Colleague: 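Have a look at this one.
Residue numbers begin at 1 in each chain, while the letters A, B, ... track the order of the sequences. A quick note: this is a predicted structure, and the numbers were derived from the prediction, not measured.
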Amino acid sequence: MDEKYFAKKIESKWQKKWAADGTFEAEVDDAKPKFYQLEMLPYPSGNLHMGHVRNYSVGDAVAWYKRLKGFNVLHPIGWDSFGQPAEDAAIKRGVNPREWTEDNIRSMRGQLERLGLSYDWRRQMAAHRPEYYKFDQWFFLKMHEMGLAYKKKTQVNWCETDQATLSNEQASGGICWRCGNPVTKKDLEQWFLKTTAYADRLLDDASEIEAGWPASVMKRQRDWIGRSTGAFVDFTIAESDVHTTDSGDNDDSPSGRKPEFVRVFTTRIDTIYGVNAIVVAAEHPLVMRHISLMPEDVLAKIQQIRAEQMNPTDHETEAIKDGIDTGLRAINPFSGDDVPVWVGNYVMMNYGTGAVMSVPGHDERDFEFARKFGLPIERVIQPRIDAEQRGSEGEENSALESAFTEYGVLVNSGEWNGKTSDDAKREMTEFAANHGFGEAATTYRLRDWGISRQRFWGSPIPIIYCDTCGTVPEKYENLPVELPDTAPFTGTGESPLAKVPEFYETKCPNCNEPARRETDTMDTFVDSSWYYFRYLDPNNTEVPFDTEKAAYWTPVDQYIGGDDHAVMHLIYTRFWTKVMKDLGLVDFDEPVKRLLTQGMVVGETFFDDSTGKRIYYPPSNVTVERDPKGKVVSVRSNDGKELKNAIERMSKSKGNGVDPDEMIDIYGADAARLFVLFAAPVDNELVWHEAGIEGAVRFLQRVWRFVWKWQNVSSVPPAVAGGVVAAMDVVRSETRDAPPATAGGTERARTLRMKTHQTIKRVDDNLGALQFNTPVAALMELSNAIYDIKVEPADASPDEIAAVREAVSALVLMLTPFAPHTAEELYANIVGNDNGILANGGRFPEYIEELSKASEIEIPVQVNGKLRSRIFAAPDADEDALQTMALADEKVREYTDGKEIVKVVVVPNRLVSVVVKG
RNA sequence: GCCGAGGUGGCGAAAUUGGCAGACGCACUAGACUUAGGAUCUAGCGUCGAAAGACGUGCGAGUUCGAGUCUCGCCCUCGGCACCA
């Protein structure tokens, strides 16, 4: 051990050692409890960024913590290596996507290794390798057999910038998930996975994982699935001689020919007597059927609305209601009234039935629409009112100032008057069903998952089109359908594979006649839906993974990643798991027991308002002026211009990115890791300040210096040579049996031991609760306490040496999850061998409660709620004793003398509160 | 607009869940050592005040011996969704 802390030297030493020893290689072992620690796998862009560093430092801390607690820990990593950037590189720079990807994986693996992350590298998977994507295809075929994979022509989300289709999840908010540009619509023939078939299970199984997942993620998933229960109701079209078997787009309708009708979905059938119109989407089949009879101006308006709905969503103009009366009329099956049929821009074809019953009295949108077009507004629900008010007649007919959307009691609703909304909903739905004009219904916001991508760099969809046999799945024994080495890359929206005859020309698996392969590839979110099962059995060539291995390791105990995947990846992977359960591959419904979403790492930049030029903060790029208290008064560029600050997501274009390699080079991996864990609570945003990482180095150096100073002393008793745990046993028996020391040095020893054991408990509790900033603070406090003992090794008494030795051993072991290289090196120094913490049987230090307690504790005394004094008492002193002491206290008496004591509240070990009067 | 999370020193944050607000770190101030310090060590660091002390967790009320924490009403910030019938 060197006297000085050289991060680079010890980091490379232990990284080599771990790799050579296979320290983090895990195997199934029924004798040990398992722990599957997983972090979201990176896309191999070529460079690690600070967000990765944070994500993987957190995961590594958990993995180490669990190892020290005696778990058999599986901690793998891999590569989400299919996807657009590789193809973009091919288009722009003519490189081969495979070589580009492999190069990036190589360099990023180097970066991960330099961080010293404790992965079992033997299990690495990469999505773009045939041995992996073979099983994407395998799953696709299984889902095809199960009827979960199907093809249909539909309007898809299309990103003009990326020239690519997007799933609904990827186009959330009308914005492309990758490039952030607005999304348009396009008609395409696409393969879909039937996620909607699992909508109920996705919702209902959520209760199993609720406790371990962030509430916000659960909520966003629920909102995304968007289940609403209500009813379909059919309104017959008046004076129409058209007959229909359904409302056009709905397969669930009753069979048999009936007069033309329009089917609406409503969650509020109890308001049906308040219907003033039927409003349908511009593309609704009803409109299509009657289009020839409509006047010019109506058609023009419908065209206009249709065009607006096709365009990228503009949230500014969206709120303005627009519509036109089609001239058709529909009959309300409950009241018998006939109402106009309108086209409205606020009704969307892709939700419910594309038609709504407009009830302006009790729906805000309908209210706004009715106001604008002067349609009648009637009250049919009245708030529940008290008995004495019930008689007042005016209520029922009073004009509505705004829509009343709550539940209440029905009025103006014929025979249903007086029913509550709840009762009416149930009874009216039944009534509609019995009379054949409606039924109970549930609709979802969730859509099926469109997985076709007109891209080269993805898993080919294993389907063959044959002129005689039609759409034919590839045979399992022919998997993988391999990508060609290269293709003509244009990025124009057609799959490059469609230009590679060697790829698409094939024989039909059925009839052996010439046939054509599907040339679209799968969405990369397919790869990430099941990758963590592949880690369990990465070399299996027959099936995705061995079910027995999965039975031991899965589900994932702890998953960590960014919350930008709250909807996309995490819904897909939950869906995939449920499919795997139905296939008999796993026996659980939910793949991830606990989920932690870490906050973003952001950078601070300063910019010149006039030019918009950004300057990244620390390395002497700017001059910071502060007042004597340290508050920033101004920041100037080196040429004297006043700058404004901005905290933004780190990115190349903003020039505020921080290169992990550079940080490792300057400060060391341990310091970088320690800092990201310490700087902020894990779910908060983290503003990267280089000064902070210097603080982390200082802490490590302090610990280092301390061990150096005490190293000769700490190896004195031969009994200690067996290791830290043994050392601590010795220390424990030395002091436990000894009478409580009272004088001089031994008092110091006792205080330090107390701090040591309090720290053990705090760090254990905090890590167990997935907090990382607070245990680091606790370790810093312990290090300060060791420092504060202020005894030179030569002058220390035996129990002081023992106490210091115990404190140092505990500190070093508990440092492992945060700064493993430093901890390993210090530990090696303490035990006198280089075998490593785990090989030596190092464990998380044991907490001994009795040692954590002070012999005397300070108890604050309040008089009338204000802190007036402190008394010292033995722990667990009884209430009477504390009260007597408190009332006898000189300072307390200043406030109580001559006054009446009304009440004394005593909280043992906490406080005494005296209430006086007069 | 709706939903969710949150507002604590100059900054990042703690606070045993109703019990000494500001632990720990950064920044800052003073001093020591030093040829030097962007190293290290010592001390200080919520506001006002010379001190005693008073005030202090977005604002206003309330419950309580006692409120950062609980209740009610406002204000603000950040995220998500955005006509979901």
Colleague: Ignoring hydrogens and angles, answer whether the base of B:U16 and the side-chain atoms of A:R910 contain a donor-acceptor pair closer than 3.5 Å.
Modeller: yes
Colleague: For A:D765 and B:U17, what is the distance between atoms CG and C1' respectively, to the nearest whole Å?
Modeller: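 Nearest whole value for this atom pair: 14 Å.
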Colleague: Does a side-chain N or O of A:S228 approach OP1 or OP2 of B:A85 to a distance below 4.0 Å, or not?
Modeller: yes
Colleague: Verify whether one side chain among A:D200 and A:Y444 offers a donor that lies under 3.5 Å from an acceptor in the other.
Modeller: yes
Colleague: If you compare every side-chain N and O of A:R365 against the phosphate oxygens of B:C84 (OP1, OP2), does one of them come in below 4.0 Å?
Modeller: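 So the side-chain polar atoms of A:R365 do come within 4.0 Å of the phosphate oxygens OP1 or OP2 of B:C84, strictly under.
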Colleague: Side chain of A:Q862: nearest nucleotide among B:G19, B:A85, B:C84?
Modeller: B:G19
Colleague: Would you indicate, yes or no, if B:G4 has its OP1 or OP2 atom less than 4.0 angstrom from a side-chain nitrogen or oxygen of A:K219?
Modeller: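 A:K219 to B:G4 OP1/OP2: no side-chain N or O under 4.0 Å.
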Colleague: Quick one: which of B:C65, B:A85, B:C24 gets closest to the side chain of A:Y351?
Modeller: B:A85
Colleague: Contact class for A:R868 vs. all strands (heavy atom < 4.0 Å): base, sugar-phosphate, or nothing?
Modeller: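 Here A:R868 touches the backbone only, sparing every base.
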Colleague: Checking all strands, does A:N784 fall into the base, sugar-phosphate, or nothing category for heavy-atom contacts under 4.0 angstrom?
Modeller: sugar-phosphate
Colleague: Under 4.0 Å: is that the gap between some side-chain N or O of A:K4 and OP1 or OP2 of B:U40?
Modeller: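 Negative; the distance criterion is not met.
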Colleague: Regarding A:V915, tell me which of base, sugar-phosphate or nothing describes its non-hydrogen contacts under 4.0 Å with the strands shown.
Modeller: sugar-phosphate
Colleague: Do A:N168 and A:R445 have side-chain N/O donor and acceptor atoms under 3.5 Å apart?
Modeller: no
Colleague: With respect to the phosphate group of B:C83, does any side-chain polar atom (N or O) of A:N345 fall under 4.0 Å of OP1 or OP2?
Modeller: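 So the side chain of A:N345 is outside the cut-off, no N or O lying under 4.0 Å from OP1 or OP2 of B:C83.
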Colleague: Any base atoms under 4.0 Å from A:V347, or only sugar-phosphate, or nothing? Heavy atoms, all strands.
Modeller: base
Colleague: The side chain of A:S216 lies closest to which of these nucleotides: B:G4, B:C24, B:C41?
Modeller: B:G4
Colleague: Looking at A:D889 and A:R868, is any side-chain nitrogen of the basic one under 4.0 Å from a carboxylate oxygen of the acidic one?
Modeller: no
Colleague: Of the nucleotides B:C20, B:G12, B:C41, which has the atom closest to the A:E858 side chain?
Modeller: B:C20
Colleague: Give the nucleotide from the list B:C20, B:G80, B:G19 with an atom nearest to the side chain of A:R870.
Modeller: B:C20
Colleague: Tell me which nucleotide among B:G19, B:A13, B:C24 gets nearest to the side chain of A:F678.
Modeller: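 The nucleotide sitting nearest to the side chain is B:C24.
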